[in-house]
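Below is one structure; the comments refer to it alone.
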Amino acid sequence: MKTLEIDNLLEFDKEHIWHPYTSMKEPLPVYLVESACGAVLKLESGEELIDGMSSWWCVIHGYNNPRLNRALKAQVDKMSHVMFGGITHKPAIELSKKLIKMAPMGLEKVFFADSGSVSVEVAIKMALQYSIASGRVRRNKIATISGGYHGDTWHAMSVCDPVGGMHSLYSGRLPIQYFVPRPSIGFGEEWCSDDFLPMIDLLENHHEELAAVIVEPIVQGAGGMWMYHPQYLKELSLLCKRYDVLLIVDEIATGFGRTGKMFASEWSGVVPDIMCVGKAITGGYMSFAATLATAKVADVISSGEPSVIMHGPTFMANPLACAVANESLLMLDESSPLPRIAEIEAIMLEELDKAKECANVKNVRVLGAIGVLETYSPVDMARCQEEFVKRGVWVRPFGRLIYIMPQYIITDDQLVKLCRALVDVANIDSVFQCSHEVR
Ligand code: PMP
């Protein structure tokens, strides 16, 4: 595309289109993508970038995947959409079967939602309806750990980090929930039971007000890319059982192999009462998610008043999304991604280790197909992205976190290039907002 045409499109975009978390007056620069294939994004300017983001962690089999394309096209020729009230279809039934088989044992009731945030809303509604149906109406609050992220819809926001999330912006308006400090013991460090004391204290004192505890299992994503000890989740599951409080795990970012297990809860051998999945469920083709629950949760809700789950979006169980998700899960089943994820982890461990010598980097963390450089100062997003694009890679850091979540199909060479770009850019003082902060 000619430079003038690119400039015109970008000018229109800047004037009229809101981008995520972005000002309409002074938006950050955006890059015009023409197409994407495998692990590469092609810009309209002709540049090619190795993708380190998997489009916010959902593209796992690569862009423009021939099998997913075929599944989608075949479904278009049958029906793109049909309402789910009073109607059902094979793609939804097959997908439910696959999810139940794959998920931790016991999660056998499936609710299809339009996005991750909506699946969290549904999970919270399930927990609240469970309290009402079991005659424990005082149990109307949700507890969680700080540093979490569960989406941008109302109740999802209420359980996001109380400082880094949007609580102060909507202060006095969001539902008040209970928070304990984030687990301080990292994945791979030595466990100490003191880390769990605040949660014990909370449940001991407030269990009669709690409908559920919600957490991102093992890896807290958008709230800080923090990886915590699996024993924490194990203890939490036991504690919730002791006080008969439901445990919701949000596997939207961690599900389908990302942490090195099919679901991160498996690191702790935990079966939650409710589990949210999304993002990679369609291989990153379209917005789709599901909330899975145990038979007990479904039975209690269905035996009480109003006996039905009060949610029913227009595009529930959209057949196109179900068809692509079926193919994506079939691919994971036919050939486990876990060995490749272990290789990705090994390459990132070796390559990102070099960032430990960098004066701007405070901590390096790797788990599964997640690689993180925590820096001392927040990044200057525009400067940082400019440097990455110059190096032929696509990385979008936030705050003090420069991280990658590569696709499982990335080649070794692409991954090495990506990691080296990360280390390189972390060494440039001018990509940080205040590079002279005391370290
Ligand atoms: N939960 C977690 C753990 C997430 O990472 C996200 C998205 N980053 C969400 C919920 C929200 O999902 P969506 O953006 O599809 O609404």
Side-chain angles (χ1 to χ4, degrees), residues 18-22 52-60 103 111-127 142 144-161 164-166 174 177 179 182-183 212-228 233 236 247-259 261-265 267 272 274-292 311 313 315-318 321 324-325 328 367-370 372 396-399 401 403-405:
W18 244 306
H19 283 262
Y21 314 110
T22 297
M53 294 287 97
S54 299
S55 279
W56 274 338
W57 331 338
C58 60
V59 177
I60 52 174
F111 189 103
F112 289 116
D114 339 31
S115 69
S117 303
V118 172
S119 77
V120 170
E121 296 290 327
V122 170
I124 293 180
K125 276 189 183 178
M126 282 181 182
I142 310 292
T144 188
I145 49 184
S146 300
Y149 177 81
H150 297 282
D152 289 350
T153 52
W154 206 244
H155 269 93
M157 262 197 307
S158 78
V159 286
C160 289
D161 185 73
M166 286 174 258
L174 281 178
Q177 315 287 18
F179 292 89
R182 80 159 17 142
V213 177
I214 184 168
V215 291
E216 292 157 278
I218 310 302
V219 179
Q220 293 185 295
M225 294 290 160
W226 174 242
M227 297 143 185
Y228 61 88
L233 186 60
L236 179 59
L247 175 63
I248 305 172
V249 297
D250 175 349
E251 291 261 12
I252 290 163
T254 50
F256 307 109
R258 183 55 69 182
T259 69
K261 300 273 186 197
M262 196 49 80
F263 294 99
S265 310
W267 285 109
I274 300 172
M275 177 169 100
C276 300
V277 290
K279 288 194 187 281
I281 188 171
T282 59
Y285 265 51
M286 62 256 284
S287 180
F288 195 59
T291 311
L292 277 70
H311 207 96
F315 287 98
M316 186 169 183
N318 172 255
V324 181
S328 173
L367 180 67
I370 309 170
V372 185
R396 186 169 172 84
F398 66 92
L401 298 159
Y403 73 97
I404 45 174
M405 288 220 196

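For ligands, and for the atoms within them, numbers begin at 1 and follow the listed sequence. Hydrogens, waters and symmetry mates are skipped; everything else that's a heavy atom, side chains included, is used.
Contact between Ser328 and Ala280 at its shortest, heavy atoms only, is OG-O, 3.7 Å. Considering all non-hydrogen atoms of both residues, Phe263 and Ala103 come closest at CE1-CA, 3.7 Å. When all heavy atoms of Tyr403 and Met53 are compared, the closest pair comes out as O-CE, 3.0 Å.
For the pairing with Thr254, the side chain to side chain contact (heavy atoms under 4.5 Å, CB included) check across Ile218, Val249, Thr259 returns one residue only, Thr259. Applying the side chain to side chain contact (heavy atoms under 4.5 Å, CB included) test between Cys58 and each of Arg258, Met405, Lys279, Met286 identifies Lys279 as the sole match.
Listed by number with element, the atoms of ligand 1 under 4.0 angstrom from any heavy atom of Asp250 are 1 (N), 2 (C), 3 (C), 10 (C). Near Ala253, meaning under 4.0 Å from one of its heavy atoms, ligand 1 places the atoms 5 (O).
Considering backbone and side-chain atoms together, Glu216 places no N or O closer than 3.5 Å to any N or O of ligand 1. Note: no N/O pair closer than 3.5 Å links Ile252 and ligand 1 by distance alone. At under 3.5 Å, a nitrogen or oxygen of Ser117, whether backbone or side chain, sits near a nitrogen or oxygen of ligand 1.
Using a non-hydrogen distance threshold of 4.0 Å, Tyr149 registers as a contact of ligand 1. Residue contacts with ligand 1 include Lys279, since one of its heavy atoms falls under 4.0 Å from the ligand.
Contacts with ligand 1 closer than 4.0 Å are made by side-chain heavy atoms of Trp57 only, the backbone lying farther away. Under 4.0 angstrom from ligand 1, the non-hydrogen atoms of His150 all belong to its backbone.
Formation of a donor-acceptor pair under 3.5 Å by the Glu121 side chain with backbone atoms of Trp154 is found in this model.
Annotation: side chain of Met316 is in contact with side chain of Phe111 (closest heavy-atom distance under 4.5 Å).
Remark: minimum distance from atom 15 (O) of ligand 1 to any protein heavy atom is reached at Gly116 N, 2.9 Å.
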